[in-house]
Amino acid sequence: MEINVFKLCSGLKVLGYLMILLVAAIVAVSYHAVVIVTCGPQLLRGGAHSVLAFAIIMIFHFLLIMLLWSYFTVVSKDPGSVPENWRAVLPEEALETGSSLNDRSDCVVATDGLDRRAFCNHCQNGKPPRCHHCSVCQRCVLKMDHHCVWVVNCVGARNYKFFLLFLLSTSFFSLKLYTFTVTTMDTLVLLPGFINFFGKAKNHSSSPGDLAVIFLAFVLNLAFALSLLCFLVMHASLVSSNTTSIEVYEKKGAARWKYDLGRKKNFEQVFGTKKALWFFPLFSKEDVDKIPALHGLDFPIRADLES
């Protein structure tokens with residue numbers, strides 16, 4: 001009896017739901033350590049200590065709201081599904097309708113009207129450009145980047161921005177990843193308490209529960225901050241070149257990546273053109289209507305490669 005290993009990947013969904021609980025637990029521990037144990041008592045001291053503690057708490061709550069907003073948006077947002085019976089536009093049809101084929105013009109079309117290089121045998125449906133089949137979700141995902149266990153969802157054309165906003169706060173390319181800021185901020189806020197951890201434990205000057213929470217929160221946030229830093233650098237590079245994690249391997253044999261439109265346009269392909277909404281998990285109606293890449297079915301290519 002032959003076993004389909006890929007079907008077993010669907011079991012990762014169960015692990016994903018546990019990850020949501022883990023994220024909630026980490027947020028709860030960090031909140032208790034930063035707001036209740038560390039900054040809360042400082043509000044009662046008065047003077048500069050109270051002002052600093054109040055500022056930290058306000059910033060922390062703002063970033064926490066943005067983190068949770070972005071997180072639950074990427075969890076609930078469909079990354080993009082292929083419409084039923086979708087197929088590539090044929091050259092003669094494009095000429096009749098006056099539409100652009102973009103990168104489909106060099107496709108070899110079979111007699112049944114389907115491009116065999118753009119057909120999913122699992123879904124028995126056509127595959128738009130940059131689309132890939134997810135073994136965990138058991139379906140094709142538009143402009144699939146990867147399946148993220150932490151969000152119990154695929155990261156694709158329609159939720160990639162929300163995924164980045166969940167991760168990033170400030171980077172060299174003026175992106176925002178809120179998780180990185182929150183974890184880094186937590187680490188810095190908790191650092192003095194962590195340094196005094198062993199002294200307080202020895203002198204019994206603080207409750208064991210509070211010491212344990214500070215210690216746990218510091219270690220968790222430090223670990224996440226360091227790991228997210230590497231992740232941020234990688235995705236900043238991917239966004240700047242208009243590439244997904246999967247396409248990194250596909251573009252190795254190409255002299256020029258056909259979807260690379262320049263850093264500015266590449267950025268707008270993910271975040272939209274409205275600067276006021278770049279750092280929020282939202283798209284303007286104008287961007288949704290005018291940027292085909294946000295829908296995941298059609299992507300502009302470099303002008304020097306269209307012919």
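Quick note: numbers below take in every heavy atom, side chains included, and nothing from hydrogens, waters or symmetry partners.
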Task: Same apolar cluster: Met234 and Trp150, side chain cutoff 4.5 Å - done: yes
- [ ] Report, as yes or no, whether the 6.0 Å neighbourhood of atom CD on Gln124 holds more than 12 heavy atoms from other residues, nucleotides or ligands.
- [x] yes
- [ ] Using a 4.5 Å cut-off on heavy atoms from C-beta on, say whether the side chain of Gln269 contacts that of Pro300.
- [x] yes
- [ ] To the nearest 0.5 Å, tell me how far Cys120 SG sits from His132 NE2.
- [x] 11.5 Å
Task: Test item: Asn242 and Phe267 side chains (from C-beta on) under 4.5 Å apart, heavy atoms - done: no
Open item on the list: Does any part of the side chain of Glu268, heavy atoms only, come nearer than 4.5 Å to the side chain of Arg263, both counted from C-beta?
Closed with: no
Open item on the list: If you compare all heavy atoms of Gly126 against all heavy atoms of Val82, which two are closest, and at what distance to 0.1 Å?
Closed with: O-CG1, 3.4 Å
TODO: Evaluate the side-chain contact (heavy atoms from CB on, under 4.5 Å) criterion for residues His61 and Val35: first the C-alpha distance (whole Å), next the side-chain angles of each, then the deciding distance (0.1 Å), finally the verdict.
DONE: CA-CA 9 Å; His61 278 88; Val35 178; 4.0 Å; yes
Open item on the list: When you compare the side chain of Tyr31 with that of Ile26, does any pair of heavy atoms fall below 4.5 Å?
Closed with: no
Task: same_hphob_cluster(Leu167, Leu165) at 4.5 Å side-chain heavy-atom cutoff - done: yes
TODO: State, with a plain yes or no, whether a side-chain heavy atom of His122 is found less than 4.5 Å away from one of Cys140.
DONE: no
Task: Main-chain N/O of Trp86 paired to Lys127 side chain as donor or acceptor, under 3.5 Å - done: no
Task: Phe271/Leu277 under side-chain contact (heavy atoms from CB on, under 4.5 Å): CA gap, chis, key distance, verdict - done: CA-CA 8 Å; Phe271 284 82; Leu277 297 180; over 6 Å; no
TODO: Enter the distance from Ile56:CD1 to Leu43:CG here, rounded to the nearest 0.5 Å.
DONE: 10.0 Å
Open item on the list: Can you confirm if the NZ or CZ of Arg130 lies within 45° of the ring axis of Tyr259 and under 6.0 Å from the centre of its six-membered ring?
Closed with: yes
Task: Atom of Pro83, atom of Asn125 and distance for their closest heavy-atom approach - done: O-ND2, 2.9 Å
Open item on the list: Grouping I, L, V, M, F, W and Y whenever their side-chain heavy atoms are under 4.5 Å apart, do Phe62 and Ile59 come out in a common cluster?
Closed with: yes
Open item on the list: With clusters defined by side-chain heavy atoms of hydrophobic residues (ILVMFWY) lying less than 4.5 Å apart, directly or transitively, does Leu68 cluster with Ile36?
Closed with: yes
Open item on the list: Check this for me: does any side-chain nitrogen of one of Asp289 and Lys285 sit under 4.0 Å from a carboxylate oxygen of the other?
Closed with: yes
Task: Any donor-acceptor N/O pair, His295 side chain to Val288 backbone, under 3.5 Å - done: yes
Open item on the list: If we count only N and O atoms by modelled type, under 3.5 Å, do the side chains of Ser240 and Asn266 hold a donor and an acceptor together?
Closed with: no
Open item on the list: With side-chain contact (heavy atoms from CB on, under 4.5 Å) as the criterion, how do Lys143 and Cys131 come out once you've worked through the C-alpha distance, each side chain's angles and the decisive distance to 0.1 Å?
Closed with: CA-CA 5 Å; Lys143 194 189 173 187; Cys131 175; over 6 Å; no
Task: Whether Asp145 side chain and Thr244 backbone form a donor-acceptor pair below 3.5 Å - done: no
Open item on the list: Quick check: do Cys137 and His147 have side-chain heavy atoms less than 4.5 Å from each other?
Closed with: yes
Open item on the list: Using modelled atom types and a 3.5 Å cut-off, is there a donor and acceptor pairing between side-chain atoms of His32 and backbone atoms of Ala28?
Closed with: no
Open item on the list: Any side-chain to backbone donor/acceptor pair from Asn153 onto Cys148? Under 3.5 Å, distance only.
Closed with: no
TODO: Would you sort out whether Gln42 and Phe54 count as a side-chain contact (heavy atoms from CB on, under 4.5 Å), showing the intermediate values?
DONE: CA-CA 9 Å; Gln42 298 297 322; Phe54 180 78; over 6 Å; no
Task: Close side-chain approach of Ser30 and Val27, heavy atoms under 4.5 Å - done: no
Task: Short side-chain to backbone donor-acceptor contact, Thr243 and Ser241, under 3.5 Å - done: yes
Task: Side chain to side chain, Cys154 and Arg139, heavy atoms closer than 4.5 Å - done: no
Open item on the list: Would you say Asp78 and Asn159 are linked by a side-chain donor-acceptor pair, where the criterion is simply a distance under 3.5 Å?
Closed with: no
- [ ] Kindly give the heavy-atom pair with the smallest separation between Glu286 and Lys274, and that separation in Å.
- [x] OE1-NZ, 2.9 Å
- [ ] Determine, stepwise, if the pair His146 / Tyr160 fulfils ring-ring contact (aromatic ring centres under 6.0 Å, His included).
- [x] CA-CA 10 Å; His146 69 287; Tyr160 186 45; 8.1 Å; no
- [ ] Search all heavy atoms of Leu142 against all heavy atoms of Ser81 and return the closest pair with its distance.
- [x] CD1-O, 3.6 Å
Open item on the list: Are Val152 and Val155 linked, directly or through intermediate hydrophobic residues, by side-chain heavy-atom contacts shorter than 4.5 Å (ILVMFWY only)?
Closed with: yes
TODO: Rounded to the nearest 0.5 Å, what's the gap from CZ on Phe299 to CD1 on Ile301? Could you check?
DONE: 12.5 Å
Open item on the list: So, applying ring pair (Phe, Tyr, Trp, His ring centres under 6.0 Å) with Phe162, which one of Phe72, Tyr71, Trp69, Phe283 is it?
Closed with: Phe283
